[in-house]
Each structure stands twice: as C-alpha cells, then as structure tokens.
Amino acid sequence: MGTQDTRIDAYISKSADFAKPILHHLRKLVHKACPDAVETIKWSMPFFEYKGTLCNMASFKQHCAFGFWKSALMKDSKEMTGKNEVAMGHLGKITSLTDLPPDNKIIALIKEACKLNEDQVKMPAKKKEEKKEIEIPEAFQKALNKNKKALAAFSAFSPSHKYEYLEWITEAKTDETKNKRISTTMEWLTEGKSRHWKYAKKLTSK
C-alpha cells in the first residue's frame, strides 16, 4: 500500500493559493494511477516513489511544476521536455488546473513511469563530454570591469565554477534573457556566490 507524508500536507498548505488546488490534484492523480506510491520529501520538494523514484511536484511563486524521474525513457519525452526554458518540470509552467493535460493523459504517463520502475529499466549512463572553451561575452566583461567585487569573486572561482556562469549566459536564446542572466550573475558574484549556490545551500542544510 502507498503512504502519504504529512510533510507534503505542510508543503501544500504553505504554498501560494493558486498552487494549492494544482498540487492537491496532481497528488490525487499519482495515487489514483499508482495506489502503492509512497510520498517523501527530497531537495525540499514532494516526491513520489514506487520501486524507485517515480515523479515529483513543486510550487514556486508564480507557477507549479511536475516531472518524471525517467522522462527521457518515456514515449512522450520529446513532448514533455523543452516546453519552457525556465520550467523545472515536464509539463511546462502550471499556473492553474486548466494548464494541465487531461487527467487520463497524466494517469497514463504515471502508469508508464511505474512500468519502467517495475521492469527495473535504468537510465542510460551519461557520457562525459569535454567542456568547450567559452569566451567571456563582451557585455559580461564590461559589467565585470565596472564591479571590482564581482570581478574579484569571478577571478577567484575554479574553472568549473566560471564555466557554469559562462555557459548559463551564452546559452540564453535572446538578448533580453542574456542581459537578465548577466544582471543576476553580477548580483550573485558580488555576494561571492557560485552559479548553483541555492542547491549547495540545500544540501549542506540536510
């Protein structure tokens, strides 16, 4: 039998009002599709497990997200991924119940994810790719030159930490996005933070 975790009840109660019906609905669908699903909290987010990690959901300030652990192996993986650059899950940004696919579609996806775990299908090992040299964008260099504190922090970073920022900036698809990322980068560098400082904080707090 599946189990429910009171920590997820607390997570939903603390979420924004728009998010509560979405999270309640997704939670209900997971248990409907997989009665043996077990709830837990990982990385400060609600996760569902069934013979391994199954899926997870999350609430943010202006949207919710829902994702499958083995989405890359699922039939609709191309449809689920890449919907929105800044959405963490595989259904894009969910701001209301109307943003969700039909219930039978979500249930089918959950059952497919369950079958992968039942069959003990493993994710393919990631191939190590050599990181290409990335030149510092001119706009970013100009911003660094104007902020000695940020420049000092960036210069002191290891090559891998520098690469994380540069990759994030250069992968922006529009100038507007690139400028926003440069602005955020400068703010974080001024505080001496690495690109993934939020995740590092969560891990050390456990």
Side-chain angles (χ1 to χ4, degrees), residues 1-128 195-206:
M1 284 291 294
T3 63
Q4 292 197 341
D5 194 318
T6 55
R7 292 177 296 172
I8 291 182
D9 294 318
Y11 181 94
I12 294 175
S13 68
K14 292 178 181 178
S15 298
D17 288 341
F18 82 89
K20 291 176 182 177
I22 299 170
L23 298 175
H24 278 303
H25 190 65
L26 288 170
R27 187 186 196 184
K28 181 180 177 181
L29 291 180
V30 171
H31 287 290
K32 182 177 181 179
C34 183
D36 292 328
V38 175
E39 298 181 351
T40 188
I41 292 286
K42 293 182 179 181
W43 300 293
S44 302
M45 294 179 289
F47 270 75
F48 301 91
E49 296 186 335
Y50 171 71
K51 298 183 184 298
T53 305
L54 188 66
C55 55
N56 75 290
M57 61 185 186
S59 171
F60 301 97
K61 288 183 178 180
Q62 297 181 334
H63 73 278
C64 293
F66 184 73
F68 294 92
W69 194 251
K70 295 181 179 178
S71 64
L73 299 175
M74 297 171 70
K75 294 177 182 178
D76 294 328
S77 62
K78 290 183 179 179
E79 178 184 332
M80 290 190 295
T81 56
K83 276 194 169 188
N84 194 304
E85 183 185 0
V86 296
M88 181 185 68
H90 301 113
L91 300 181
K93 283 186 174 182
I94 307 167
T95 59
S96 69
L97 290 172
T98 58
D99 289 335
L100 290 170
D103 287 359
N104 61 349
K105 174 69 172 177
I106 298 175
I107 288 173
L109 290 170
I110 296 168
K111 288 184 175 180
E112 183 184 354
C114 287
K115 187 67 166 56
L116 289 171
N117 283 0
E118 288 174 349
D119 295 342
Q120 298 183 351
V121 179
K122 295 182 179 181
M123 292 287 286
K126 291 184 179 180
K127 294 181 180 179
K128 290 185 178 181
R195 163 77 176 89
H196 298 297
W197 64 273
K198 292 182 180 179
Y199 302 103
K201 184 178 180 181
K202 287 178 181 179
L203 289 173
T204 54
S205 64
K206 290 193 174 188

Discussion item. The test is side chain to side chain contact (heavy atoms under 4.5 Å, CB included); show your working for Tyr11 and Ser44 and say whether it passes.
Written reply: CA-CA 9 Å; Tyr11 181 94; Ser44 302; 5.9 Å; no

Discussion item. Could you walk me through whether Met57 and Leu91 satisfy the side chain to side chain contact (heavy atoms under 4.5 Å, CB included) test, starting with their C-alpha distance in whole Å, then the side-chain angles of each, then the deciding distance to 0.1 Å, before giving a yes or no?
Written reply: CA-CA 11 Å; Met57 61 185 186; Leu91 300 181; over 6 Å; no

Worksheet item: So how far is it from Ile110 CD1 to Leu29 CG, rounded to the nearest 0.5 Å?
Response: 5.5 Å

Worksheet entry | From Leu100 atom CG to Phe66 atom CZ, the distance as rounded to the nearest 0.5 Å | 9.0 Å

Worksheet item: Taking only residues two or more places apart in sequence or in another chain, which ones pass side chain to side chain contact (heavy atoms under 4.5 Å, CB included) with Thr40?
Response: Arg7, Lys42, Phe47, Glu49

Show me the donor-acceptor pairs, under 3.5 Å and distance only, between side chains in residues 116-123 and residues at least two apart or in other chains.
unit_1 : atom_1 : unit_2 : atom_2 : d
Asn117 : OD1    : Lys70  : NZ     : 3.0
Asn117 : ND2    : Tyr50  : O      : 2.9
Asn117 : ND2    : Thr53  : O      : 3.1
Glu118 : OE2    : Tyr50  : OH     : 2.6
Asp119 : OD1    : Lys115 : NZ     : 3.3
Asp119 : OD2    : Lys115 : NZ     : 2.6

Discussion item. Let me confirm one number: the CG-CZ distance from Leu73 to Phe68, rounded to the nearest 0.5 Å.
Written reply: 13.0 Å

Discussion item. Could you measure the distance from the CZ atom of Phe48 to the OG1 atom of Thr3? Nearest 0.5 Å is fine.
Written reply: 10.5 Å

Worksheet entry | Nearest-0.5 Å distance, OG of residue Ser15 to CG of residue Leu23 | 5.0 Å

Discussion item. Can you list everything that forms a side chain to side chain contact (heavy atoms under 4.5 Å, CB included) with Lys28? Sequence neighbours excluded, please.
Written reply: none

Discussion item. Does this structure show an ion pair linking Asp9 with Arg27, if we count only N-O contacts that are shorter than 4.0 Å?
Written reply: yes

Worksheet item: How far apart are the closest heavy atoms of Val30 and Cys55, and which atoms are they?
Response: CG2-SG, 4.0 Å

Worksheet item: So His25 and Ile22, side chain to side chain contact (heavy atoms under 4.5 Å, CB included) or not? Walk me through it.
Response: CA-CA 5 Å; His25 190 65; Ile22 299 170; 5.9 Å; no

Practice prompt. Quick one: pull up CD in Gln62 and OG1 in Thr95 and give me the separation to the nearest 0.5 Å.
Written response: 10.0 Å

Practice prompt. Would you confirm whether Glu39, through its side chain, and Ile8, through its main-chain N or O, come within 3.5 Å as a donor-acceptor pair?
Written response: no

Discussion item. Which label fits Trp43 and Trp69: parallel for a plane angle under 30°, tilted from 30 to 60°, or perpendicular past 60°?
Written reply: parallel

